[in-house]
Amino acid sequence: RLVEIEAILRAESDERRGLAAELKHGLESAAALREDLVATERRAREAGDAQVQEQLRAAFRDERALWDAAIAEVSKELAGLKAQLLDDAGRQASERGAQQATIQQLR
């Protein structure tokens, strides 16, 4: 009878060890799968972040180019206005000189 009970206990113990090993293997597989999924999600997020970052850089470059073009246009217009003012000032000085000469002749 004792031998029978020992055999039953040994069988139960072996079965439980087998179940524990299966459970451990299942948990390790689930943990590895979870780590793979997390790594895949992280890589996808990093790729998305890199794409957004590149799009922002391109947008900033485009914005900078627009600002540079606008500044160049304003500088060009300003130079034209300065030249026109200098021309007008020279013409007015010339006219004043002519008027002074005419006044001098009339006196």
Subject >> Arg43 vs Glu46, salt bridge (Lys or Arg N to Asp or Glu O under 4.0 Å): CA-CA, chis, key distance, verdict >> reply: CA-CA 5 Å; Arg43 285 190 298 273; Glu46 287 171 351; over 6 Å; no
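- Partner of Ser13 under the side-chain contact (heavy atoms from CB on, under 4.5 Å) criterion, chosen from Arg17, Arg16, Arg10: Arg17.
- Between the CD1 atom of Ile5 and the CZ atom of Arg1 there is a distance of 5.0 Å, given to the nearest 0.5 Å.
- Atom CZ of residue Arg57 and atom CZ of residue Arg61 lie 8.0 Å apart, to the nearest 0.5 angstrom.
- The distance from atom CG of Leu33 to atom CG of Leu37, rounded to the nearest 0.5 Å, is 4.5 Å.
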Original post:
Are Gln53 and Leu56 close enough, and set up right, to give a side chain to side chain contact (heavy atoms under 4.5 Å, CB included), and what steps lead you there?
Top reply: CA-CA 5 Å; Gln53 189 177 33; Leu56 284 173; 5.7 Å; no
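- In this structure, CD on Glu28 lies 10.0 Å from CG on Leu23, to the nearest 0.5 angstrom.
- Rounded to the nearest 0.5 Å, atoms NZ (Lys82) and OG (Ser75) are 9.0 Å apart.
- With hydrogens and angles disregarded, no donor-acceptor distance shorter than 3.5 Å links the side chain of Ser94 to the backbone of Gly90.
- Leu78 and Leu86 sit in two unconnected hydrophobic clusters of ILVMFWY residues. Membership requires side-chain heavy atoms under 4.5 Å apart, directly or through other members.
- Between the CG atom of Leu66 and the CD1 atom of Ile71 there is a distance of 11.0 Å, given to the nearest 0.5 Å.
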